[in-house]
Amino acid sequence: MPKALYLTTTLPYVNAEPHIGFALELVQADAVARAAHLRGQEIFFNTGTDEHGLKIKRTAEAAGLTPQAYVDQMAEKFRRLLPALGIWPEANFIRTTNPAHVTAAQEFWRRAAAAGDIYKKDYSLKYCVGCELEKTESELVDGHCPLHPKQEIELIAEENYFFRFSKYESPLLELYNSRPDLVLPESRLNEVKAFVGRGLQDFSISRSAAKQPWGIPVPDDPTQTMYVWFDALVNYVSAIGWGSDEEKFKNWWPVVQFAGKDNLRQQSAMWQAMLMSVCLPPSKQIIIHGFVTSGGQKMSKSLGNVIDPFALANDYGSEAVRYFLLRHVQPFEDTDVTPEKFKEAYNANLANGLGNLVSRVMKLASDHLPASPELQRGELAPAVVEERTLEDFKELNDHLTKFEFSRAMDEIWRHIGLHDAYIQETKPFSLIKTEPDKARQIIAKLVQGLADLAVCLEPFLPQTSATIKNLVKENKTPPQPLFPRK
RNA sequence: AGCGGGGUGGAGCAGUGGUAGCUCGCAAGGCUCAUAACCUUGAGGUCCUUGGUUCGAAUCCAAGCCCCGCUACCA
């Protein structure tokens, strides 16, 4: 097993508030990072914000701010999401406006250009006069802007730089065939294979600086600004020192990426082609998650069904949000989330399940077992001393290596149920009056069970895991319930 | 239209040839250590439809119906 593991999320575009879908991506990446760390790997966890482009400029203007002031404020919100979700504390937070990133993006451009992969060509923009916005083919309905169907779309010819994507058609297909686990799940790999197999067209990677000044200047051509795609993707290498600290870069590359299904093509085709262009090895793995829908529909402000991760964390705590996202959201498919479902899962499994079990076991233990130091000497129950690691729980590990978070947690909750049933069957609370020794052994066994659960929970609910370990160590009942019923 | 995924008790899902299972919800009983928590049992299913293969199909094959994703500049 390699010693170093580099993981990254995508960088969310900051033209909207952080939303629960991105929280899912962060939490998935975090669980993988923590599990790997427990296996002894060193972790570089990357996330951050994507801050350039025309949309940002427009959103900033609408808010009466300069682009820089606007992105500063938004980046702060995204940064605050990390502690709110209990994400890896040493996570690197990169902003595409960071000077180091700007330099790296320009260097990346130069190398791609040196490889002969960048050239100038006329690009015809589709422009809706009604919106005063550039439109893409997929935004149009019957060749018209859906908001202004009576107005003709204007074609504006502009000279842009293009990236020779077409050159990488066969290399990409070879990559997919030689590395069938590059993209997970398999259905997404097939999708991107089909996309590349249909034939690739070069894509534009710059815009006129006069119209779109908010971005990274193209090296040696001040009349052009890099298109955000090109700029933002480079963050995955700039974050670990590419172009400035080769030693560091070599230590961490290649990357394990987490991304949403809307990012499949950019991450697994375009970005991989860009890497080939500058002669870097491809990503190690790209894990594609589904979308979180709300009430059966895509979340939108106008529908009023947006689920705010901050509000959830505020009401239920970061551990509860992590729990829900990892266990009750399908890792690879779209999942519908509502406040009711969240509450139901919280009460059933955290309050009644895990939290209640900790309370009842630790009450028995603190009342009837000698204090922990004696326990650790093994006088009463040698089992309690046993220190286990995540690797002792094989099924759980198997699920985790396949990124099947909910199955891994199902396994944990199955054990919680077994503990509850065991208490019911053996009745240590009555037995203590008639056969105290036997009762104490049962209780000690339960305490060991809690300790084991804490080990299993560590990648998913790190704080809860630490709390349980501490209670076991101190032989104390929790002063407040771990998860109060809501 | 093409390619891909899917249709399983009220809800969400698992199950890929051999008596239909899990979680939540619902009902009854039990327990009292615990956060009115916990345990046991029960009710509830034409496993989309039709035809086929087979001793036997939710599971394989064929046709059909329905839902979803992808078919490039959506950060």
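Throughout, protein chains are lettered first and strands after them, A, B, ... in sequence-line order, and every chain is numbered starting at 1. All values below were derived from every heavy atom in this structure, side-chain atoms included, with hydrogens, water molecules and symmetry-related copies excluded. Treat the numbers as computed from the prediction; the structure is a model and nothing was measured.
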(request) Mind calculating the distance between CE (A:Met362) and C1' (B:C33) to the nearest angstrom? (result) 13 Å
(message) Using whole Å, what does the distance between atom C1' of nucleotide B:C33 and atom CG of A:Leu446 come to?
(response) 10 Å
(request) Write down the distance between CG (A:Asp410) and C1' (B:C24), rounded to a whole number of angstrom. (result) 13 Å
(message) For the C1' atoms, the ones on B:U54 and on B:U16, what distance do you get once it is rounded to whole angstrom?
(response) 16 Å
(message) Just to be sure I understand the rule, does A:Trp413 reach a base, reach only the sugar-phosphate, or reach nothing, if contact means heavy atoms closer than 4.0 Å?
(response) nothing
(message) Using heavy-atom distances to pick each residue's nearest nucleotide on RNA chain B, tell me which of A:Arg407 and A:Glu425 is more 5'.
(response) A:Arg407
(request) For residues A:Trp214 and A:Tyr70, establish whether the separation of their ring centroids is below 6.0 Å. (result) no
(request) Sticking with atom P, work out how far B:A43 lies from B:U50, rounded to a whole angstrom. (result) 27 Å
(request) Would you mind listing every salt bridge (charged side-chain N to carboxylate O under 4.0 Å, His left out) that reaches into residues 256-267 of chain A, with sequence neighbours excluded? (result) A:Lys261-A:Asp334
(request) Can you tell me, in whole Å, how much space there is between the C1' of B:A57 and that of B:C47? (result) 11 Å
(message) In this structure, how many angstroms lie between the P atom of B:A37 and the NZ atom of A:Lys363, rounded?
(response) 20 Å
(request) Mind listing the closest non-hydrogen atom pair of A:Ser204 and A:Tyr227 along with its distance? (result) O-CD2, 4.0 Å
(request) Scan A:Asp50 against the nucleic acid and name what it touches under 4.0 Å (heavy atoms): base, sugar-phosphate only, or nothing. (result) base
(request) Have a look at A:Gly199 and say if it touches a base, only the backbone sugar-phosphate, or nothing, with a 4.0 Å heavy-atom cut-off. (result) base
(request) Give none if B:G4 has no partner; otherwise give the nucleotide forming a Watson-Crick or G-U wobble pair with it, both distances under 3.5 Å. (result) B:C68
(request) Please determine, for the side chain of A:Ser430, which listed nucleotide (B:C13, B:A72, B:U32) has the closest atom? (result) B:U32
(request) Pick base, sugar-phosphate or nothing for A:Glu191, based on heavy-atom distances below 4.0 Å to the nucleic acid. (result) sugar-phosphate
(request) Identify, with sequence neighbours excluded, every residue that meets side-chain contact (heavy atoms from CB on, under 4.5 Å) alongside A:Asp410. (result) A:Arg327
(request) State which of B:U35, B:C39, B:C73 makes the closest approach to the side chain of A:Phe483. (result) B:U35
(request) Provide the closest heavy-atom pair for A:Gly48 versus A:Leu11 in the form atom of the first, atom of the second, distance. (result) N-CD2, 3.4 Å
(request) For B:C31 and B:A20, measure between their C1' atoms and round to the nearest Å. (result) 31 Å
(message) Of the listed nucleotides (B:C24, B:U32, B:U35), which one gets closest to any side-chain atom of A:Glu344?
(response) B:C24
(message) What's the gap between B:C13 and B:G18 when it is taken at their P atoms, as a whole Å value?
(response) 24 Å
(request) Write down the distance separating the P atoms in B:C24 and B:A62, rounded off to the nearest Å. (result) 39 Å
(message) Please enumerate all residues that pass side chain to side chain donor-acceptor pair (under 3.5 Å) together with A:Lys476, with sequence neighbours excluded.
(response) A:Glu474
(request) Choose from B:G69, B:C24, B:C73 the nucleotide whose nearest atom is closest to any side-chain atom of A:Ala348. (result) B:C24
(message) What is the separation between atom NE2 on A:His289 and atom P on B:G69, rounded to the nearest whole Å?
(response) 16 Å
(request) Among B:C13, B:C31, B:A37, find the nucleotide with the atom closest to the side chain of A:Gln330. (result) B:C13
(request) Looking at every strand, decide which applies to A:Leu482 at a 4.0 Å heavy-atom threshold: base, sugar-phosphate, or nothing. (result) base
(message) B:C22, OP1 or OP2 - any side-chain N/O from A:Arg414 closer than 4.0 Å?
(response) no
(request) Could I get the full list of side chain to side chain donor-acceptor pair (under 3.5 Å) partners for A:Arg485, not counting sequence neighbours? (result) A:Asn352
(request) Look at A:Arg360 and B:C39 and indicate whether a side-chain polar atom (N or O) is within less than 4.0 Å of OP1 or OP2. (result) no
(message) Rounding to an integer number of Å, can you tell me how far A:Lys476 NZ sits from B:A34 P?
(response) 19 Å
(message) Measuring centre to centre across the rings, with the benzene-like ring taken for any Trp, is A:Phe405 within less than 6.0 Å of A:His399?
(response) no
(message) Regarding A:Asn160, tell me which of base, sugar-phosphate or nothing describes its non-hydrogen contacts under 4.0 Å with the strands shown.
(response) nothing
(request) Sugar-phosphate atoms are those with a prime plus P, OP1 and OP2; base atoms are the rest. Using that split, label each nucleotide of nucleotides 2-8 of chain B B, S or - for protein heavy atoms under 4.0 Å, 5' to 3'. (result) -------
(request) Ignoring the backbone of A:Arg188, work out which of B:U35, B:G15, B:G69 is nearest its side chain. (result) B:G69
(request) Please figure out whether A:Asn347 or A:His328 has its closest RNA chain B nucleotide nearer the 5' end. (result) A:His328
(message) With rounding to the closest Å, how many angstrom separate the C1' atoms on B:G12 and B:G64?
(response) 28 Å
(request) Could you work out which one of B:A72, B:G30, B:A34 sits closest to the side chain of A:Phe165? (result) B:A72
(request) Remember a base hit wins even if backbone is also touched, and classify A:Leu200 as base, sugar-phosphate or nothing at under 4.0 Å, heavy atoms. (result) base
(request) Could you state the atom-to-atom distance from CG of A:Asn349 to C1' of B:G12 in whole Å? (result) 13 Å
(message) Quick check against the 3.5 Å criterion: does A:Lys363 have a side-chain atom that pairs as donor or acceptor with the backbone of A:Pro478?
(response) no
(message) Rounded to whole Å, please give me the gap between CG in A:Asp420 and C1' in B:U40.
(response) 13 Å
(request) Write down the distance separating the C1' atoms in B:U19 and B:A27, rounded off to the nearest Å. (result) 26 Å
(request) When you get a sec, tell me which of B:C33, B:A72, B:C38 is the closest nucleotide to the side chain of A:Phe429? (result) B:C33
(request) Scan every strand shown for a Watson-Crick or G-U wobble partner of B:G18, both distances under 3.5 Å, and answer none if you come up empty. (result) B:C55
(message) Can you list everything that forms a side chain to side chain donor-acceptor pair (under 3.5 Å) with A:Arg414? Sequence neighbours excluded, please.
(response) A:Glu411
